[in-house]
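Numbered from 1 within each chain, the chains take letters A, B, ... in sequence-line order.
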Amino acid sequence: MADAASPSPTEGPFARVETQNVDFPALERAILKFWDENGIFEKRQGLNRGKPKWSFLDGPITANNPMGVHHAWGRTYKDAYNRYFAMTGHDLRYQQGFDCQGLWVEVEVEKELGLKNKRDIENLVPGDTQASIGRFVQACKDRVNKYARVQTDQSIRLGYWMNWDRTDADWAKTPDERKSYFTMSEENNYTIWSFLKKCHAEKKILYRGYDVMPWCGRCGVGISEMEMKEGYRYVEHKSVFVKFPLKDRPGENLLIWTTTPWTLTSNVGAAVNPELTYLKVKLKSEVYYVAKGAFKLNRMEASSAEDEDGPALTTGKKKTREWIDGVPHLSSIEQHFKSKAGKDGYEIVGEVKGADMLGWEYVGPFDDLPAQKYPGGYPEGVAKKREQLHALLQEEYFYDPASGEVKNPTLDPTLKPACDMHRVVAWKDVGETEGTGIVHIAPGCGKEDFQLGKEQSLPSVAPIRDDGTFIEGFGEFSGKNASDPTLVDAVFEGLKAKDRLFVTERYVHRYPHCWRCKTELLYRLVDEWFINMGPKQSEEGFRGDIMKVVDQVTFLPESLNGRARERDWLRNMGDWMISKKRYWGLALPIWVDPEDPTDFEVIGSKEELKARAVEGWTEFEGHTPHRPWVDQIKILNPRTGRLMSRIPDVGNPWLDAGIVAFSTLGYNTDRAYWRKWYPADFITESFPGQFRNWFYALLALSTMMSDGEPPFKTLLGHGLVRDEHGKEMHKSAGNSIEFNRAAEELGADAMRWLYCRANPATNLNFGPGPINEVRAKFVIKLWNCYGFFANYASLDGFDPAAPQVPVEDRAAIDRWLLSDLQLLIKKAREEFEVFNVMGFCLATEEFVDAKLSNWYIRRNRDRFWSKNTELDATGSRDKLAAYQTLHTVLLDLCRLCAPIVPFLTEVMWKNLRGGAGAESVHLTDYPTSDESLIDSELSQDMEAVLRIVSLGGAARNAAKHKVRQPLAELRVQPGSDADHRAVERFPDLITEELNVKRVTLHTASDPMLRSIAKLNKKTAAAKLGAKLKEAEAALDRMDGTKVAEELRGGTFILVGVALDVADVTIGYLAPDGWAGVVDNRTQVMIDARLTPELKAEGIARDVVRSVQDARKTAGLDVADKIALFLGTESDTLKAAITAHRPTIASETQAVQWADAPLNGDAHTAAVKVDGQPLTIALRKV
RNA sequence: GCGCGUAUAGCUCAGUUGGCUAGAGCGCAGCUCUGAUAAAGCUGAGGUCCUUGGUUCGAAUCCAAGUACGCGCACCA
């Protein structure tokens, strides 16, 4: 089968083509070999060298696992557009990229090595952290190299033309020296350094942030905003209502509610909304404060909030909250009170404004913990850093509404411990649709809490370390993990012991999880590095600069509003957290003074580092700028004279991918080259997520590096690949499909066509079903057209080099096909230029199916079958014209489709070119339409022919005569000029296709068919009731044409009842002996009467058909001659056979007639024709 | 909660600046054709064009409100 890819030299210019059970994957492998052995890709590059450039920038694929079929969608687009622009004479870079660094690789390597946490990693070489990190980082590099190579092989199999690293020698090189780009390359890392340097030195937007951030205790890493979006899920937690006894109001309590009981250990304050009203609820001997609006609230209704004052306006149904089956629904706070009170009941004893509660002091839930008693918050280092941060931000003075004083915390020597600071503070964001309207504030455990703590001068108590466990100072909790359920129980026990526990409940909410390892995130006070994006919700600062760039690029497909989405993300995102407390990644080039954490420097290049290094350079030299080697370098602080150390953090991996418009184009090493290729003309990736990931990072880094020049002109996004039934593909669900399996079982071309014909704006259903559909719809159909041509051309000795019959001398159907081909070429170019291959594919399917296969070839078969020896000069010329037309169309189709299905078209091309022309279709130019061949009237007329033929078929059906039975006449009342012309220009096409003797026109002005109106009893019966019979009779007497007109006009009254279009069916009646149908204004009828002559002819055709069948089952070749015996007792059959003997003989290639049954090796068959038995016997002669 | 989008046959979707009896492919049933075609053709069953109201001679199409779904954003105790 592999040989099928190359024409056999023994059979003239065209090789025979197999049309059954074609093994497309085998052909694809043969083509890969052909490209490889003949350097086709290199030749293509050679042809385009020096031509106008077309700059494509590849978004790096994560080299962490083998490719999935979902990757193949985007890669197919990338290759298709690359190939199109190559065939239209553009110089391309053909550089593909791998994303190498980051937590996703680390997590896989941890799994491989059986490591559970950071401590395991740092102890890979027992007792030697540096060596351990070194070994771990090496393992990460190894994994990336391994899968980059796997993905390379897979991409090659897909037909993706890039400058790949193919040999062992290629892969032995450093990432910097390879053809593909790697984000772990030195160039990439150092270029990010220059970006960060620019952020710091020029724009002053890099800062050390001391904030509460979501944290993954398993990975030991802060989670950035963009990562957090990936991890929200609905989960059940234990929530709790807790009493905070008020110090100066004996027997009175604040009632607070929280879903994170572990944070109660670090409670510092309680926040109320000064605007809200709070109830004093008396239960037994104690009083509780609860927000008035919260008290009776149905907590299962999703918070639709504050239209309490307009009950008449609340028309819409309230939505119920997302909930998990099996978890009890929430009770209202009032219900909790009722059930606690029993039959005594509770009592509302007063109301108080939130503003009047400010400053009230209370007893905290865990004031006995050492951490709560520590002066200035806990731990000491935390408090110290906070002071320094305040100094840094120059927030020297605070207005403290609790005391009414202006305070300066940096100068305040008596910072109190947390337990002495418990008081009610104001927070305008407190609502009453969730909780009790009084919020427990733990500045060390929540983002808003921390912010509020800063504003209100509350100390922070930060309880957990980087693995999620409690630090010392938290009594029995120390050492336990904050997300451990038993810890929650311990908290509840502790509260119960002090009679602080009001009630607990099971609660369902959306909670963030680590996007990589699915662990629940905790909010933790951390020390991370940020890029200041400028004021949120504004268009100022860095975010504003990026927005200006966003406004200059094109986002496709339009319906997705990509620009609006990107702008939306830019408006809302917080400052960009770029640090990760991990191992495998960009070494953030930030060196900090050991005594003063706010004194830092950013290094912008390897050279600068070398110049500044005062220690560790020798150990570092020769290594990539990764941990642990780069960690050893110290630089001198010119201000203090102390040695500065690099922060141990690595960078957010989106920095790695975001810099590639600079790093891969040699921005820092060959500025002219960069200038030539920047910006990219085109990028394309799957859009979900990328507006906040690659698209964002690329735009952000490019805006900074280029001072506002867009990194690309056009971005094409596409959806997700789903399984055959539209479900998300997951390895765990067992419905994901490996790329290799798909390519080998389904074929890369079929996959590529499926991807290209799909709408990029929607998700795509992938699987054997959809693939088989496109294969049947397009691949096999095109292949069969090709096979038809090649097989007859080979048999017939068609000479592709023969002088072309001038197009104007060719048959109209030839000119029609060539005209429509030009239209397709125009369409192809238009659609590729606007990055809409879908439009091209759908148009091509239509062309191949409706025009080429089902009309041109079907209608012209006898021109190809005609025997050379029997043709005169005109006939030969006509046959040549047919071959040339079909040959041209197939060659152009090859070139048109080559970017989409490079294998199929290559196989076809290699055979069709007949030894002439380019050795590969991919070395040809993309077709250009020839305007002189476009004949739009001809196109319209042929369309009319197809319409009339279709109607004629329907009329035949109504007449109940199969197509083999010749009929006398088809009569057409044209509904348009094109219909009219079609009958006059192409009577032969119509009569042959419909097997009628003649086609005639009905040109009289009255309708050819009489309209008949009939009641649609289903709908009309209800309206007419008892008058139904009467109405039917009345309708029978009416003129159907008039009824139809009245119905169209809208008013039709029958026996006093108004009926509409649906109540009446209009049928059409042909004269006796005829059958007619109507479509719009075109009417067609067929003469259904059989004469004895027509009947005999029909029988003869049935006989021919039966003999052909017998030939086929006898295994004869088309060209084989036979001796034929036809035996029957039926006089009708005998007469028909005798009358049509010459036709039967020529159709079946019978050169001898036998009067008696053939004996011996003859093939016999017993069939029925016209209901009568017929014996067929034939033998090859 | 805010914003954007979508809603048409069992499934996947077309349906242009409003226009006459709303279409295609797949699937289903029947018929047919077949010496390129495991292909194809024809017919049939199957529709509340999400709902309601409005504009209009006329609405799947335009407008408004509602409902459902999807996506993005926000997510708090």
Side-chain angles (χ1 to χ4, degrees), chain A residues 17 19-21 229 232 239 256-260 263 270-271 302-305 315-317 319 427 429-431 433-442 445-449 509-512 559-561 564-566 568-569 571-573 687-689 691-692 719 725-726 759 761-763 765 769-770 772-773 776-777 780-781 783-792 842 845 849 853-854 857-858 861 864-865 949-958 960-964 993 995 1044 1047-1050 1061-1062 1065-1066 1078-1081 1105 1108-1109 1111-1112 1116-1119 1147-1149:
Chain A
V17 171
T19 51
Q20 292 200 341
N21 301 316
K229 315 269 177 211
Y232 274 100
S239 70
I256 67 97
W257 175 76
T258 181
T259 56
T260 50
T263 63
S303 48
S304 70
T315 47
K317 272 182 287 178
K319 286 176 201 165
W427 185 22
D429 289 342
V430 175
T433 53
E434 196 99 67
T436 62
I438 306 174
V439 181
H440 127 75
I441 300 295
C445 305
K447 211 170 173 54
E448 290 76 18
D449 304 45
H509 61 163
R510 275 186 83 206
Y511 194 82
S559 63
L560 287 170
N561 294 322
R565 284 200 201 187
E566 193 63 62
D568 194 42
W569 162 249
R571 273 184 79 81
N572 289 307
M573 73 172 294
F687 56 75
F691 290 102
R692 61 173 180 265
H725 310 290
N759 182 354
T762 59
N763 292 332
N765 296 354
N772 286 336
E773 200 177 317
K777 194 193 289 245
I780 290 183
K781 209 161 283 181
W783 184 264
N784 286 329
C785 293
Y786 154 70
F788 174 86
F789 171 85
N791 290 339
Y792 279 96
L842 297 181
E845 285 179 4
D849 180 28
S853 174
N854 274 319
I857 292 185
R858 192 149 58 84
R861 273 185 290 199
F864 293 93
W865 291 344
V949 162
S950 162
L951 284 171
R956 230 181 201 293
N957 238 299
K960 298 208 183 335
H961 284 306
K962 54 190 178 184
V963 176
R964 267 200 303 272
E993 179 70 12
N995 196 17
L1047 279 168
R1048 246 176 262 145
V1061 175
T1065 323
I1066 304 289
V1078 171
D1079 174 57
N1080 281 330
R1081 306 170 52 165
R1105 160 94 191 101
Q1108 303 289 34
D1109 243 11
R1111 281 183 62 113
K1112 205 169 179 179
L1116 298 189
D1117 190 76
V1118 189
E1147 290 287 321
T1148 62
Q1149 315 237 47

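- Here the closest heavy-atom approach between residue A:Trp257 and residue A:Ser239 is recorded as NE1-OG, 3.2 Å.
- In this structure, CG of A:Asn791 is placed 9 Å from P of B:U37, rounded to the nearest angstrom.
- Between the C1' atoms of B:U48 and B:A60, the separation comes to 12 Å (whole Å).
- B:G3 atom C1' lies 11 Å from atom CZ of A:Arg565, rounded to whole Å.
- The same atom, P, is picked in B:C33 and in B:G70; the two are 49 Å apart, to the nearest Å.
- Nucleotides B:G41 and B:A24 place their C1' atoms 15 Å apart, quoted to the nearest Å.
- Nearer the 5' end of RNA chain B, as judged by each residue's closest nucleotide, is the contact made by A:Asp849, out of A:Phe687 and A:Asp849.
- If you measure from atom CD1 of A:Ile857 to atom C1' of B:C33, you get 17 Å, rounded to the nearest angstrom.
- If you check distances only, the side chain of A:Arg858 never reaches the base of B:U37 with a donor-acceptor pair under 3.5 Å.
- In this structure, A:Phe691 CZ and A:Asp568 CG are separated by 11.0 Å, a value rounded to the nearest 0.5 Å.
- In the set B:U37, B:C73, B:C76, B:U37 carries the atom at the smallest distance from any side-chain atom of A:Arg861.
- A:Asn854 comes within contact range of the sugar-phosphate backbone alone, with a heavy-atom separation under 4.0 Å but no base atom that close.
- Going from atom CD of A:Gln1108 over to atom C1' of B:U34 covers 10 Å, rounded to whole Å.
- For A:Thr258, no side-chain nitrogen or oxygen approaches OP1 or OP2 of B:A77 to under 4.0 Å.
- Whole-Å rounding puts the A:Arg510 CZ to B:C76 P distance at 10 Å.
- Of all nucleotides present, only B:G10 satisfies the Watson-Crick or G-U wobble test against B:C26, with each distance under 3.5 Å.
- Listed pair A:Tyr792 / B:A36 meets the phosphate criterion, a side-chain N or O lying under 4.0 Å from OP1 or OP2.
- Nucleotide B:U56: unpaired (no Watson-Crick or G-U wobble partner with both distances less than 3.5 Å).
- Within 4.0 Å (heavy atoms only), A:Asn765 reaches no atom of the nucleic acid at all.
- With both pairing distances under 3.5 Å, B:U21 is matched to nothing as a Watson-Crick or G-U wobble pair.
- One P atom belongs to B:G27, the other to B:A40, and the distance between them is 9 Å to the nearest Å.
- Checking B:G46 for Watson-Crick or G-U wobble geometry (two distances, each under 3.5 Å) identifies no partner in any strand.
- A gap of 11 Å separates the C1' atoms of B:U52 and B:U67, to the nearest Å.
- If you check every strand for non-hydrogen atoms under 4.0 Å, A:Val430 touches a base.
- For the residue pair A:Asn765 and A:Pro770, the shortest heavy atom distance occurs at O-CG, 3.4 Å.
- Comparing A:Arg692 and A:Trp427 by the nucleotide of RNA chain B whose heavy atom lies nearest to each, the residue mapping closer to the 5' end is A:Arg692.
- Nucleotide B:U34 holds its P atom 18 Å from the CG atom of A:Asn784, rounded to whole Å.
- As judged by a 4.0 angstrom heavy-atom cut-off over every strand, A:Phe691 is placed among residues making no nucleic acid contact.
- The same atom, P, is picked in B:G46 and in B:G5; the two are 36 Å apart, to the nearest Å.
- Close to B:A77, at under 4.0 Å from its OP1 or OP2, lies a side-chain N or O of A:His509.
- Separation of the C1' atoms belonging to B:A74 and B:C13 is 33 Å when rounded to the nearest angstrom.
- Nucleotides B:C76 and B:C4 place their C1' atoms 24 Å apart, quoted to the nearest Å.
- The nucleotide B:U51 finds its pairing partner in B:A65, both defining distances of the Watson-Crick or G-U wobble pair being shorter than 3.5 Å.
- In this structure, the separation between CD on A:Gln1108 and CZ on A:Arg1111 is 6.0 Å, given to the nearest 0.5 Å.
- For B:U32, the OP1/OP2 oxygens have no side-chain nitrogen or oxygen of A:Arg964 closer than 4.0 Å.
- Note on A:Ser853: a base of the nucleic acid sits closer than 4.0 angstrom, heavy atoms only.
- The closest side-chain heavy-atom distance from A:Glu448 to A:Asp429 is not below 4.5 Å.
- Base pairing annotation: B:C2 forms a Watson-Crick or G-U wobble pair with B:G72, both donor-acceptor distances under 3.5 Å.
- For A:Asn791 against A:Val17, the heavy-atom pair with the smallest separation is OD1-N, 2.6 Å.
- Looking at A:Glu993 and A:Arg858, a side-chain N of the basic residue comes within less than 4.0 Å of a carboxylate O on the acidic one, giving a salt bridge.
- Side-chain nitrogen and oxygen atoms of A:Arg1105 include at least one within less than 4.0 Å of the OP1 or OP2 phosphate oxygen of B:G35.
- Look at CD on A:Glu434: it is 10 Å from P on B:C76, rounded to the nearest Å.
- Donor-acceptor pairing under 3.5 Å, judged by distance alone, is present between the side chain of A:Arg1111 and the base of B:G35.
- One interatomic measurement links the two molecules: CD of A:Glu845 to C1' of B:A24, which rounds to 12 Å at whole-angstrom precision.
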Exercise. Show your reasoning for whether side chain to side chain contact (heavy atoms under 4.5 Å, CB included) applies to A:Ser853 and A:Asn784.
Key: CA-CA 8 Å; A:Ser853 174; A:Asn784 286 329; over 6 Å; no
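- No engagement by A:Ile780 is indicated, since no non-hydrogen atom pair under 4.0 Å with the nucleic acid exists.
- Base contact: A:Gly431 has a heavy atom under 4.0 Å from a base atom.
- Side-chain nitrogen and oxygen atoms of A:Tyr511 include none within less than 4.0 Å of the OP1 or OP2 phosphate oxygen of B:A77.
- Taking side-chain N and O atoms only, A:Lys447 has no distance below 4.0 Å to OP1 or OP2 of B:C76.
- Atom CZ of A:Arg692 sits about 12.5 Å away from atom CG of A:Asn572, to the nearest 0.5 Å.
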